[in-house]
J.: 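Got a structure for you, written out below as structure tokens; questions coming shortly.
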Amino acid sequence: MLKLPGLIDPHVHMREPGAAHKEDWNTGTSAALAGGVTLVLAMPNTRPPIFDPTTLDLALAVAKQKACCDYAQFLGAGADNTAWNAHPEIPARAAGLKMYLDQTFGELRLDSMTIWQKHFKTWPKHLPIVTHSESRSMAAVILMAAIYDRPVHIAHISLKEEVLVIKAAKERGIKVTCEVCPHHLFLSKDDIPAISQGHPGRGEVRPRLATKEDVDALWANLDVIDCFATDHAPHTLAEKDGDNPPPGFPGLETALPLLLTAVSEGRLTINDVLSRMVTNPRRIFNLPEQPETWVEVDEDAAYEIRAADMHSRCGWTPFEGWQVKGRVRNVVLRGQKAYRDGKILVEVGYGKNVRE
Ligand code: NCD
Ligand code: ZN
């Protein structure tokens, strides 16, 4: 057995409030534990979106009741909630500020750079800002970070041009960090068999799956990549296969097995994984250590990925049928046996808000 620290996933969508038929705080955090993740940071594009004290209380109340692993909740940047400095106690209760600057699932997109600027000015410098910003909007956000001399974390980069601009920005000392999702490392746009089999919705994700050249560039520039984050974005199979399929892939239960398989193939080291799933996210998002917390993995166990075995409510995975090596056997969270061989062992509500 390989013993790892509890993993941190800084980018998950728990779907509560508002869309518990896709996932709720119980199924989502159960999926986290099954994937060796003991701390998740939840995104604010729920219904209603989480963007002020009232909606933050709403999300945190459900999480407190239902979470099985530890967590924190992001606030979303809107057009009107830009005066964070007037209420400094609010940012401190959140995982960070999430800014949606390109089109995706939900209603939180900000078009005007004037509004971006207000958030950059008033969100406390020592608390994280994360942006969904693709291609040129990413470059614009890095300029904001430089202007206001504050850190910014770029969510789910997927393109060669993005990783190269981030590399250059880091070389200039700009405070930018970034994450990559397993699906952008292991899939290119030609890689989802279900698409050619008449289920195009199963390939829909934002950022879109990219070209082989982009995927290769991410692998070639791993040193630029600070975190692996799943962007666990569950939608049901009926929604994915229906008209207007929403973008998003589930990812909590497949990330570690995919990455460990890459380790077994010599494409990564275990330290590459741990820096990007434990030490870097802890530093970037200012997260506490979880005492007496670890994950036991059978690194030689080979198995096939099957949505039917998963805890997520969404009922599918883009990696269905993939052969992987490395199975999560046990998870201990703050001294309690939390997961063992497919079963969640902690009570619903055991998870703690790490910002409290
Ligand atoms: C996410 C979702 O479904 O909430 N979808 C996605 O394709 N990644 C939204 C997001 O993170 O952009
Ligand atoms: Zn997301």
Side-chain angles (χ1 to χ4, degrees), residues 8-12 41-45 50-51 72-79 81-85 88 90-92 94-104 106 108-181 184 206-207 218 221 223-229 231 275-276 279-287 355:
I8 299 169
D9 189 343
H11 192 148
V12 304
L41 304 186
M43 287 296 157
N45 63 334
I50 309 308
F51 65 97
Q73 170 70 50
F74 277 96
L75 282 160
N81 62 348
T82 55
W84 299 111
N85 45 354
I90 302 167
L97 181 69
K98 175 70 183 284
M99 300 178 66
Y100 288 92
L101 309 178
D102 286 294
Q103 197 52 56
T104 187
L108 279 168
R109 188 173 68 157
L110 297 178
D111 287 323
S112 155
M113 282 199 286
T114 307
I115 294 176
W116 306 8
Q117 257 180 306
K118 287 183 183 158
H119 286 288
F120 268 84
K121 264 191 208 160
T122 67
W123 186 261
K125 260 193 188 177
H126 64 286
L127 298 174
I129 291 183
V130 177
T131 63
H132 177 145
S133 52
E134 303 180 31
S135 186
R136 293 172 195 188
S137 35
M138 184 203 81
V141 153
I142 294 176
L143 176 64
M144 295 275 170
I147 291 171
Y148 293 102
D149 188 29
R150 62 146 299 143
V152 66
H153 179 79
I154 314 291
H156 43 48
I157 68 165
S158 63
L159 302 176
K160 178 176 179 175
E161 61 177 30
E162 291 168 348
V163 76
L164 293 181
V165 167
I166 291 175
K167 181 182 159 89
K170 284 184 172 188
E171 284 164 4
R172 288 295 299 250
I174 297 175
K175 300 182 178 84
V176 56
T177 55
C178 68
E179 68 193 29
V180 168
C181 305
H184 291 123
R206 297 293 176 277
L218 297 179
N221 290 284
D223 56 327
V224 180
I225 294 164
D226 301 280
C227 303
F228 296 141
D231 191 10
S275 57
R276 287 159 185 83
T279 41
N280 293 346
R282 185 181 289 150
R283 185 192 73 246
I284 293 165
F285 295 97
N286 228 322
L287 301 167
R355 289 288 194 247

J.: If only atom types and distance count, is the side chain of Trp84 paired as donor or acceptor with the main-chain N or O of Lys121 below 3.5 Å?
T.: no

J.: With the side chain counted from C-beta on, respond yes when Val176 and Val141 share a heavy-atom pair under 4.5 Å apart, and no when they do not.
T.: no

J.: Are the side chain of Glu162 and the backbone N or O of Ser135 linked by a donor-acceptor pair below 3.5 Å?
T.: yes

J.: Does a salt bridge link Lys175 with Asp149, judged by any charged N lying under 4.0 Å from a carboxylate O?
T.: yes

J.: If I compare all heavy atoms of Arg283 with all of Asp226, which pair ends up nearest, and what's the gap?
T.: NH2-OD1, 4.3 Å

J.: Measure across Thr131 and Lys98 and return the closest heavy-atom pair with its distance rounded to 0.1 Å.
T.: C-CE, 4.3 Å

J.: What's the spacing between Ile157 CD1 and Cys227 SG if we round to 0.5 Å?
T.: 11.0 Å

J.: Give me the ring orientation class for His153 and Phe285: parallel if the planes are under 30° apart, tilted from 30 to 60°, perpendicular past 60°.
T.: perpendicular

J.: Rounded to the nearest 0.5 Å, how far does CZ of Phe120 lie from CD1 of Ile115?
T.: 13.5 Å

J.: Do Lys125 and Tyr148 have side-chain heavy atoms sitting under 4.5 Å apart?
T.: no

J.: With rounding to the nearest 0.5 angstrom, report the CZ to CG distance, Phe228 to Asn280.
T.: 10.0 Å

J.: Give a yes or no answer on whether the side chain of Thr122 reaches the backbone of Thr82 with a donor-acceptor pair at less than 3.5 Å.
T.: yes

J.: Check the pair Asp231 / His11 against side-chain hydrogen bond (donor to acceptor under 3.5 Å, both in side chains), numbers first and verdict last.
T.: CA-CA 5 Å; Asp231 191 10; His11 192 148; 2.9 Å; yes

J.: Is a side-chain N or O of Asn45 found less than 3.5 angstrom from the main chain of Gly76, in a donor-acceptor match?
T.: no

J.: What are the two closest heavy atoms between Leu110 and Gly78, and how far apart are they?
T.: CD2-C, 3.5 Å

J.: Taking all non-hydrogen atoms of both residues into account, name the closest pair between Arg355 and Leu287 and its distance.
T.: NH1-CD2, 3.6 Å

J.: For a quick test of reading the model, state the closest non-hydrogen atom pair linking Ala229 to Asp9 and the distance between them.
T.: CA-OD1, 3.6 Å

J.: For His119 and Ile129, indicate whether the former's side chain and the latter's backbone hold a donor-acceptor pair under 3.5 Å.
T.: no

J.: List the steps and the verdict of side chain to side chain contact (heavy atoms under 4.5 Å, CB included) for Phe74 and Ile50.
T.: CA-CA 7 Å; Phe74 277 96; Ile50 309 308; over 6 Å; no

J.: Report yes if the side chains of Ile166 and Ile142 come closer than 4.5 Å at any heavy-atom pair, otherwise no.
T.: yes

J.: What distance separates Thr279 OG1 from Ile284 CD1, expressed to the nearest 0.5 Å?
T.: 9.0 Å

J.: Can you measure from CG (Leu75) to CG (Leu97) and round to the nearest 0.5 angstrom?
T.: 7.0 Å

J.: Check whether any side-chain heavy atom of Ile147 lies under 4.5 Å from a side-chain heavy atom of Leu143, and answer yes or no.
T.: yes

J.: If the condition is salt bridge (Lys or Arg N to Asp or Glu O under 4.0 Å), which residues does Arg282 pass it with, not counting sequence neighbours?
T.: Glu289

J.: Please examine the side chains of Met144 and Met113, heavy atoms only from C-beta on, and report whether any two atoms are closer than 4.5 Å.
T.: yes

J.: Can you name the closest pair of heavy atoms from Met138 and Ser133 and give their distance?
T.: CB-O, 3.3 Å

J.: Report yes or no: does Asp102 contribute a side-chain atom to a donor-acceptor pair with the main-chain N or O of Glu134 at less than 3.5 Å?
T.: yes

J.: Is there a donor-acceptor pair under 3.5 Å between the side chain of Glu179 and the backbone N or O of His156?
T.: yes

J.: Without swapping roles, check the side chain of Arg150 against the backbone of Pro124 for a donor-acceptor pair under 3.5 Å.
T.: yes

J.: At what distance, to the nearest 0.5 angstrom, does CD1 of Ile225 lie from NZ of Lys167?
T.: 11.0 Å

J.: Is Lys170 atom NZ crowded by more than 12 heavy atoms from other residues, nucleotides or ligands, each under 6.0 Å away?
T.: yes

